[in-house]
Amino acid sequence: MPEITLTVHHKVGLHARPAALFVQTAKQFNCDVKVTHGEREANAKSILSVLALGVEQGAVITIHAEGQDADQALAELEALVESNFGEGE
Amino acid sequence: MKTLRGIAASRGVAIGPAFHFRRADLRFERHTVEDPAAEWARFEAALETAREQLADVYAKAEAESGAEQAAIFQAHALMLEDPELLDLVRTAIGEQGVNAESALSDAAEMYAQMLESLDDEYLRARAADVRDVATRVLRILLGVAESPTAGLTAPSIILARDLTPSDTVMLDKSLVLGFCTAEGGATSHTAILARGLGLPAVVGAGLDVLKIPDSAPLVLDGSDGKLLVQPDEEMVAGYRARQAAVATHLAQARQQAHEPAVTRDSHRVEVVANIGNVEGAQAALEAGAEGVGLLRTEFLYLERDHLPDEEEQYRAYRAIVDVFGERPVILRTLDIGGDKELPYLDLPHEMNPFLGLRAIRLCLARPELFRPQLRAALRAGAGRNLKVMFPMVAMVTEVRAARAVLEECRAELLAEGQPVAEEMEIGIMVEVPAAALMADHLAAEVDFFSIGTNDLSQYTLAADRTNAQVAPLATGFHPAVLRLVRDVIVAAHAQGKWVGLCGELAGEPLAIPILLGLGLDEFSMNPPAIPLAKQIIRALTLDEAREVAQAALDLRRPDAVRALVRERVPAANVG
């Protein structure tokens, strides 16, 4: 299963607007997308589960995707996180 | 013009348009459904409606306050279609066959609690969002309108079937001229609230109240128990003149509100206030209260989803006693059960809550409720004049048990090195006939009594004060109740204990001469009633009051008692 590991640099972590954008992006794909943070794993298409991960600024997350468009999904999510959720530095 | 008659619950006259308060009742039964597929379809339809509502709310918020402020409704929309949440609901409906309301609120509550448990303020606030979204869908499932107060924009007379404490907190009181309810009695919540606010109210006026068109012009006569629908101009002019006369009379009483209540022959009694929160404390002081005879603590427990902890209670009580400085404040421990159910306590449904596990009975059965309150009271009383009383006592053993818990709490606090009240007077409410009849034995156990005539009347007359059909029976003017009041005062005085009265009767102009004559030491009432009560006491001598009281005890009917006082004490015949 393809996976990537990233650091979230956004100042609010994976909360609020970044969390919403993350979930909205994951939902564009048919594949299953999971995101893990420490011991916890969440469905990346579930805003409540993603919020409950409690990902703060500087945290490392791993995203796994499984299904036809898995690679594309990972690429888009990576771009989103790396671009600091479209907010630059 | 049409006239509706009801119970005169709070004096005064209001003139203004009708506004119907239509309650958002979101309670539902948990049950299993016969056709889970149909239930899921019903749920999906409700979701669709909620989505449309949220899109509208978002557009409106964006136009009014910008995208940033509106983003919260986008987050709500995302929660509404959360696949994990929907999976939980689908499983509960499809596999366990529960109804959509239960399935949704269980699932939402699970997530809300998960978010609340995280150490992050932002996420804890999202718990409220999950509940808010679930509530929106619940409203749709249950067919309940969005807000019962939407549309209340001008000062109006509030019409309703009946009002609960959770309803009335939603009302903007500056837009309320008075209340008229179809159901309820003189001591129902609406009546008590209206008297607390000094607004007129008529209760138990019958279901025709609900048929009055919105905005119809009304005259509400809270002194005579009448609601006039579409009154003619002459009528309105007459009422306006009366409003002005009452205002003048009250203004006179208010000028002397801060003077003590001393009879013409120099007998002094205490006039204190019934209050239910910190704001009430300030209002009571301004109205001339010499202290607090009844601090209802339920305000800390209503309108929330979890128990208040000791620290929160301590801060609230301390803020109130600080307002009164040296003056006494009597804190009544939690008086719930009965008509004041709290959903988060998960109290079992009772057929007869007024005769059920409530007040001191509940507190003794649930130490996790009782102990934090007693600890908070002991701490708040440190260096202040705070007293504590226990409600609904029927047995000597209950007083002893409650005092034992209090002493344990005191010992704990001392061991922790916390400042506590060193000598705190302990009293009980006398509101169960058994307690009134056993007052001589109970007096030996306490420092004071406070007679709760609202409950004492309903228990003595066996008449539910929230049932309009029988509520008029439950009046403290009944000689049976007055005789109990006399017996309680005699028993307490024989042992050197003082007696207060914190039921509605204490603030009733026609009852004040009788209570004074029976030897009552402390009159505790809603702040707006204080100036007039003091005025009536000042107009009498103790002997005059004793004669009126003796004559009242010999009468057979409550209306004869009222007529007697009206005739003998002109100063009490007001409003």
Side-chain angles (χ1 to χ4, degrees), chain A residues 8-61 63-67 69-70 73 76-77 80-81 84-87, chain B residues 47 50-51 54-55 58 61-62 66-92 103-137:
Chain A
V8 177
H9 294 291
H10 196 280
K11 62 179 188 300
V12 303
L14 207 47
H15 294 166
R17 183 178 160 276
L21 284 173
F22 189 86
V23 171
Q24 278 162 344
T25 305
K27 284 172 83 166
Q28 292 164 9
F29 301 94
N30 292 320
C31 58
D32 279 337
V33 187
K34 299 262 190 270
V35 51
T36 58
H37 169 234
E39 300 292 303
R40 297 202 185 112
E41 184 185 78
N43 177 348
K45 299 179 182 181
S46 160
I47 184 75
L48 293 168
S49 310
V50 169
L51 287 174
L53 284 177
V55 176
E56 290 171 0
Q57 184 176 25
V60 175
I61 57 169
I63 308 169
H64 322 253
E66 192 164 12
D69 47 6
E76 291 257 352
L77 287 168
L80 178 72
V81 177
N84 204 24
F85 301 89
E87 291 179 25
Chain B
L47 270 189
R51 243 176 245 137
L54 277 172
Y58 175 79
E62 195 187 22
E68 195 126 334
Q69 298 296 317
I72 186 66
F73 297 110
Q74 262 180 330
H76 281 193
L78 265 183
M79 288 179 183
L80 206 57
E81 55 198 35
D82 190 295
E84 300 286 318
L85 178 78
L86 295 184
D87 255 1
L88 282 176
V89 177
R90 192 182 292 118
T91 308
L104 172 67
S105 57
D106 289 353
E109 197 48 39
M110 195 205 86
Y111 274 104
Q113 286 178 11
M114 191 193 284
L115 292 170
E116 260 174 357
S117 71
L118 297 171
D119 185 23
D120 182 311
E121 201 177 325
Y122 168 83
L123 290 177
R124 284 200 295 268
R126 301 288 74 74
D129 288 337
V130 180
R131 293 197 176 102
D132 196 3
V133 169
T135 302
R136 178 178 295 280
V137 180

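In what follows, chains are A, B, ... by sequence order, proteins preceding strands, each numbered from 1.
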In chain order, what residues pass the side-chain contact (heavy atoms from CB on, under 4.5 Å) check against A50(B), with sequence neighbours excluded?
L80(B), R136(B), V137(B), I140(B)
Is it the side chain or the backbone of M79(B) that comes within 4.5 Å of chain A heavy atoms, both, or neither?
both
Between L78(B) and chain A, with a heavy-atom cut-off of 4.5 Å, which part of the residue counts as in contact: side chain, backbone, both or neither?
both
Heavy-atom nearest pair, L21(A) first then F85(A), reads CD1-O, 4.0 Å
Measure the spacing between CG of L48(A) and CG of L85(B) and express it to the nearest 0.5 Å.
6.0 Å
Mind listing the closest non-hydrogen atom pair of A73(A) and C31(A) along with its distance?
CB-SG, 3.7 Å
Cross-interface N/O pairs, chain B with chain A, donor-acceptor, under 3.5 angstrom:
residue: E81(B); atom: OE2; partner: K27(A); partner atom: NZ; Å: 2.9
residue: D82(B); atom: OD1; partner: S46(A); partner atom: OG; Å: 2.6
residue: D82(B); atom: OD2; partner: S46(A); partner atom: OG; Å: 2.8
residue: D82(B); atom: OD2; partner: I47(A); partner atom: N; Å: 2.8
residue: D82(B); atom: OD2; partner: L48(A); partner atom: N; Å: 2.7
residue: E84(B); atom: OE2; partner: N43(A); partner atom: ND2; Å: 2.6
residue: Y122(B); atom: OH; partner: A16(A); partner atom: N; Å: 2.6

Atom CG of L118(B) and atom CG of L53(A): how far apart are they, to the nearest 0.5 Å?
9.0 Å
Which pair of non-hydrogen atoms, one from A134(B) and one from A108(B), has the smallest distance, and what is that distance?
CB-CB, 3.5 Å
Sequence-distant partners of A44(A), side-chain contact (heavy atoms from CB on, under 4.5 Å), two or more places apart
F22(A), A26(A), V33(A), V35(A)
